[in-house]
**Student:** 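Pasting a structure below so you can have a look.
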Amino acid sequence: MSTARLTIDLDALAANWRALDAVSADTTETAAVVKANGYGLGAQPVARALAKAGARRFFVAVAEEGAAIREALGPGVEINVFSGHMRGDTDMIRDLNLVPMINSIDQMLRHVEALPGHPFGIQLDTGMNRLGMEPAEWAALREIALEQNPTLIMSHLACADEPDHDMNLMQLQAFREMTDGLAVPRSLSATGGILMGPEFHFDVTRPGIGLYGGLPYEEALTVVRLDLPVIQLRELEAGETVGYGNTWTAPGPTVIATVAAGYADGIHRIIGPNTHLFAGDVPCPIRGRISMDLIGVEVTHLTEEPGGLTLLGPQQSVDMIADNGGTIGYEVLTSLGGRMTRRYKGG
Ligand SMILES: *Cc1c(COP(=O)(O)O)cnc(C)c1O
């Protein structure tokens with residue numbers, strides 16, 4: 001087999017959910033965000049493991065993603081859709097019993113006309129300017145919306161990965177002003193907000209990245225491991241070069257392992273110069289440019305020929321790779337390509 005192997009530790013995923021659940025009071029429900037194919041790890045196995053751990057409410061970005069979750073978990077869980085009720089979503093929302101998070105007056109009208117009595121939530125914009133009703137829009141719609149018994153009112157924090165950012169308290173205050181005194185469950189926090197303390201928890205929390213082992217949840221257990229098979233080993237003399245553009249020249253006798261993965265698998269070219277793969281605990285630097293399907297790695301210093309090398313795992317987290325590429329763990333995870341084999345451990 002010559003494709004990269006992504007191993008997903010479902011027990012670690014479940015433990016991360018339980019640990020984030022334990023941060024908030026028993027009166028706060030901990031949901032799970034499984035959008036973008038469960039942050040790239042496989043929506044169905046991820047959702048099954050989280051349901052087994054105790055999650056009863058799942059969030060997806062778009063109605064289409066709800067189908068996979070409903071198929072995996074059956075009728076007993078609630079599936080909330082961040083993008084709300086879009087034109088063309090009505091059949092899916094009804095047939096799969098999805099709960100759209102209504103984002104605008106237009107969506108509200110569409111929802112109550114198309115599916116009167118069907119559950120829905122409300123999404124408010126408290127300053128991120130991305131999704132949800134703004135204060136004026138909410139003020140205009142509030143009475144009508146409340147008569148239809150929304151199941152949840154939510155908003156989203158823009159800077160929760162920086163706990164000291166002024167924006168957090170500003171958004172908290174805006175959310176309270178828009179929702180205090182209403183007899184509807186509320187939700188404000190994703191992973192970052194959960195870690196900021198009880199005043200951010202309300203009735204439902206929505207962790208995503210922390211479940212999958214990413215920052216800002218520093219205590220998260222490692223969930224993903226990515227092993228790349230070595231296809232060839234070659235010996236270079238001083239002065240020979242590796243890869244496209246001859247960007248790396250061997251300073252002396254060198255052994256290069258060519259491993260089977262590349263930028264087509266979401267291992268972006270930009271990480272090349274700063275990134276190592278690992279043979280057990282021993283770091284092995286990437287040499288030359290990352291190709292579409294192949295990467296050159298220096299293994300001169302290894303005492304045994306490696307059968308494979310590890311890019312992600314306990315030695316090197318998704319956030320370390322993200323740093324090397326000037327991005328965030330979320331983007332590393334959701335970039336991991338469809339070509340690699342996903343294997344599930346535990347669950
Ligand atoms: C993605 C997302 C989440 C989960 O955020 P994490 O930072 O991954 O925990 C929660 N709520 C909304 C609205 C989101 O878009």
Side-chain angles (χ1 to χ4, degrees), residues 13 16-21 23-24 28-41 43 46-47 50 55 57-63 65-66 69 78-84 86 98-104 107 120-134 152-163 165 167-168 171-172 174-175 179 185-197 200-221 223-224 317-319 322 327-336:
L13 174 85
N16 287 337
W17 183 86
R18 279 190 229 101
L20 286 171
D21 181 44
V23 171
S24 56
T28 296
E29 175 186 355
T30 303
V33 179
V34 293
K35 62 193 178 187
N37 192 30
Y39 285 47
L41 303 184
V46 156
L50 292 168
R57 184 198 297 260
F58 294 82
F59 286 88
V60 293
V62 294
E65 293 177 340
I69 307 303
E78 179 161 334
I79 302 172
N80 296 348
V81 182
F82 289 136
S83 63
M86 296 289 288
L98 308 178
V99 180
M101 296 291 119
I102 298 296
N103 283 301
S104 64
Q107 284 201 354
F120 67 95
I122 298 277
Q123 191 159 186
L124 301 178
D125 193 316
T126 50
M128 190 174 183
N129 286 307
R130 191 177 71 166
L131 276 183
M133 289 182 236
E134 306 220 352
L152 187 71
I153 301 183
M154 62 165 281
S155 188
H156 191 50
L157 298 170
C159 303
D161 57 338
E162 297 175 58
H165 202 295
M167 186 69 166
N168 295 313
Q171 287 193 268
L172 176 61
F175 189 57
T179 61
R186 294 185 283 182
S187 176
L188 179 62
S189 286
T191 304
I194 294 172
L195 302 173
M196 284 195 299
F200 286 88
H201 294 166
F202 294 93
D203 303 294
V204 176
T205 58
R206 312 184 305 269
I209 193 69
L211 306 175
Y212 307 101
L215 290 175
Y217 186 32
E218 286 177 23
E219 279 90 58
L221 300 182
V223 173
V224 292
S317 67
V318 288
D319 291 288
T327 183
I328 52 176
Y330 301 71
E331 191 176 341
V332 171
L333 283 178
T334 57
S335 297
L336 295 174

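All values reported here derive from a predicted model rather than from experimental measurement. Both ligands and their constituent atoms are indexed starting at 1 by order of listing.
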**Student:** So do Trp17 and Asp21 actually touch side chain to side chain, heavy atoms under 4.5 Å?
**Tutor:**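 Answer yes - side chains close enough.
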**Student:** Within the 4.5 Å heavy-atom criterion, are Ile194 and Ser24 side-chain neighbours or not?
**Tutor:**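 They are not in contact (no side-chain heavy atoms under 4.5 Å apart), so the answer is no.
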**Student:** Tabulation required: pairs of a nitrogen or oxygen in ligand 1 and a protein nitrogen or oxygen under 3.5 Å; columns are atom names and distance to 0.1 Å; otherwise 'none'.
**Tutor:**
| residue | atom | partner | partner atom | Å |
| --- | --- | --- | --- | --- |
| ligand 1 | 7 (O) | Tyr330 | OH | 2.6 |
| ligand 1 | 8 (O) | Tyr39 | OH | 2.5 |
| ligand 1 | 8 (O) | Ile209 | N | 2.7 |
| ligand 1 | 9 (O) | Thr191 | N | 3.0 |
| ligand 1 | 9 (O) | Thr191 | OG1 | 2.5 |
| ligand 1 | 9 (O) | Gly208 | N | 2.8 |
| ligand 1 | 9 (O) | Ile209 | N | 3.4 |
| ligand 1 | 11 (N) | His156 | ND1 | 3.4 |
| ligand 1 | 11 (N) | Arg206 | NE | 3.0 |
| ligand 1 | 11 (N) | Arg206 | NH2 | 3.2 |
| ligand 1 | 15 (O) | Lys35 | NZ | 2.7 |
| ligand 1 | 15 (O) | Arg130 | NH2 | 3.1 |

**Student:** For Tyr217, give me all partners under ring pair (Phe, Tyr, Trp, His ring centres under 6.0 Å), at least two apart in sequence or on another chain.
**Tutor:**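 For Tyr217, no residue satisfies ring pair (Phe, Tyr, Trp, His ring centres under 6.0 Å) once neighbours in sequence are set aside.
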**Student:** Check the angle between the aromatic planes of Phe59 and Phe82 and answer parallel, tilted or perpendicular using the 30° and 60° thresholds.
**Tutor:**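 Rings of Phe59 and Phe82: parallel, as their planes differ by under 30°.
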**Student:** How would you list, by chain and number, every residue that makes a salt bridge (charged side-chain N to carboxylate O under 4.0 Å, His left out) with Arg186, sequence neighbours excluded?
**Tutor:**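 By the salt bridge (charged side-chain N to carboxylate O under 4.0 Å, His left out) rule, Arg186 matches Asp180.
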**Student:** What side-chain donor-acceptor pairs closer than 3.5 Å can you find for residues 204-213, not counting sequence neighbours?
**Tutor:**
| residue | atom | partner | partner atom | Å |
| --- | --- | --- | --- | --- |
| Arg206 | NH1 | Ser155 | O | 3.1 |
| Arg206 | NH1 | Ser187 | O | 3.3 |
| Arg206 | NH1 | Ser187 | OG | 2.8 |
| Arg206 | NH2 | Ser155 | O | 2.9 |
| Arg206 | NH2 | His156 | ND1 | 3.0 |
| Tyr212 | OH | Val33 | O | 2.8 |

